[in-house]
Amino acid sequence: PTGIFLRQQLARTMWMDLDLRAQQILPGQSKTRRGQLEELCSEMNAFMLALDEGVVDDDTVLAAAVWRHFCHAQPTSLDRLVKLVAYIRKNVQHLEQLPDENFMKNGYIYFLPLNGDVVDTKFVNQHYLDFKNKARGVIK
């Protein structure tokens, strides 16, 4: 149940953030925004399936998913792919080690930085509060 809740929270938060950003870029163009968000939804569903497969399989499968979806199947350095795969793996491990209460009680999710393994909690907490305040104005 925690994994399903976590996935739903991540998706909900991502879509809220995308909608907030789209409103800033395309103010007053809700029909255009809606169409673009539907397209992004299709891409996101495909990516989530590929990422799930890569996470449960080996690094080559995960690297292929990252290359197709993050790098848009364009020529990409091996170092970049290795770094992205390592980043995903370390954050999956990080999320698995966090207490379920982080997700189940308050929906609070944070990730480790790309470089290093220490979370800047002051930055993360402020970013979370800023996001909640912005989202509060959009969701009524």
Side-chain angles (χ1 to χ4, degrees):
T2 304
I4 292 168
F5 180 79
L6 174 59
R7 184 181 63 207
Q8 290 170 338
Q9 282 296 107
L10 285 168
R12 184 175 151 266
T13 302
M14 183 200 66
W15 291 118
M16 285 175 27
D17 184 51
L18 278 171
D19 192 43
L20 288 169
R21 292 170 190 253
Q23 287 178 30
Q24 292 173 348
I25 295 169
L26 301 166
Q29 298 181 33
S30 61
K31 188 175 181 178
T32 302
R33 276 197 322 265
R34 191 172 29 254
Q36 290 179 345
L37 286 175
E38 286 174 9
E39 185 177 328
L40 280 173
C41 184
S42 295
E43 290 179 27
M44 184 64 180
N45 287 335
F47 176 64
M48 291 300 279
L49 287 171
L51 188 63
D52 281 349
E53 180 184 20
V55 166
V56 298
D57 211 317
D58 63 21
D59 286 352
T60 57
V61 176
L62 181 56
V66 166
W67 178 71
R68 281 191 312 272
H69 295 278
F70 280 136
C71 306
H72 307 287
Q74 297 296 313
T76 305
S77 74
L78 183 58
D79 289 342
R80 183 176 182 203
L81 280 176
V82 167
K83 191 169 200 161
L84 287 169
V85 167
Y87 175 73
I88 291 168
R89 292 273 184 222
K90 84 174 179 179
N91 272 291
V92 167
Q93 182 179 16
H94 163 73
L95 291 173
E96 288 174 345
Q97 292 174 351
L98 289 176
D100 288 353
E101 297 84 49
N102 284 39
F103 315 123
M104 302 303 281
K105 288 185 180 175
N106 60 20
Y108 189 54
I109 302 165
Y110 60 91
F111 295 94
L112 295 173
L114 181 62
N115 297 309
D117 293 327
V118 178
V119 175
D120 181 349
T121 53
K122 184 177 178 181
F123 171 79
V124 169
N125 290 334
Q126 187 60 53
H127 184 72
Y128 180 68
L129 291 173
D130 291 346
F131 175 76
K132 280 182 75 169
N133 289 332
K134 285 180 189 176
R136 207 173 276 131
V138 173
I139 300 171
K140 295 180 170 102

Notebook entry, point to check: Any link between L81 and V61 through a network of hydrophobic side chains (Ile, Leu, Val, Met, Phe, Trp, Tyr) touching at under 4.5 Å?
Noted result: no

Next item on the list: First locate atom CG of L40, then atom CG of N45, and finally report the distance between them rounded to the nearest 0.5 Å.
Entry: 11.0 Å

Item checked: Whether R89 side chain and L84 backbone form a donor-acceptor pair below 3.5 Å -> no

Checklist line | Over all atoms of both residues, closest heavy-atom pair of H72 and H69 | finding: CE1-O, 3.6 Å

Next item on the list: Flag yes if F111 and L114 sit in one hydrophobic cluster, no otherwise; membership is Ile, Leu, Val, Met, Phe, Trp, Tyr, and two members link when side-chain heavy atoms are under 4.5 Å apart.
Entry: yes

Check: Using a distance-only test with no angle check, is there a side-chain donor-acceptor pair under 3.5 angstrom linking T60 and D58?
Finding: yes

Note to self: Determine whether a donor-acceptor pair (N or O, by modelled atom type, separation under 3.5 Å) exists between the side chain of D17 and the backbone of L20.
What the structure shows: no

Check: Would a distance-only check, ignoring hydrogens and angles, find a side-chain to backbone donor-acceptor pair under 3.5 Å from K90 to P113?
Finding: yes

Next item on the list: Find out if a path of hydrophobic residues (ILVMFWY) with successive side-chain heavy-atom gaps under 4.5 Å connects M14 to F47.
Entry: yes

Checklist line | Rounded distance [0.5 Å steps], NZ in K31 versus CD in Q29 | finding: 12.0 Å

Check: Once you round to the nearest 0.5 Å, how far does CD of Q97 lie from CG of L95?
Finding: 9.5 Å

Notebook entry, point to check: If you measure from CH2 on W67 to CG on L78, what distance do you get to the nearest 0.5 Å?
Noted result: 13.0 Å

Notebook entry, point to check: Looking at T76 and Q74, what are the two nearest heavy atoms and their distance?
Noted result: OG1-O, 2.7 Å

Next item on the list: For residues L51 and L62, determine if any side-chain heavy atom of one lies less than 4.5 Å from a side-chain heavy atom of the other.
Entry: yes

Check: Are the side chains of F70 and I88 in touch, meaning some heavy atoms are under 4.5 Å apart?
Finding: yes

Next item on the list: Indicate yes or no: at least one non-hydrogen side-chain atom of V92 is less than 4.5 angstrom from one of E96.
Entry: yes

Margin query: Can a donor-acceptor pair be found, under 3.5 Å and without considering hydrogens, that links the side chain of D19 to the backbone of W15?
Written below: no

Item checked: Distance in Å, E43 CD paired with E39 CD, rounded so as to fall on 0.5 Å steps -> 5.5 Å

Notebook entry, point to check: Rounded to the nearest 0.5 Å, how far does CZ of R34 lie from SG of C41?
Noted result: 14.0 Å

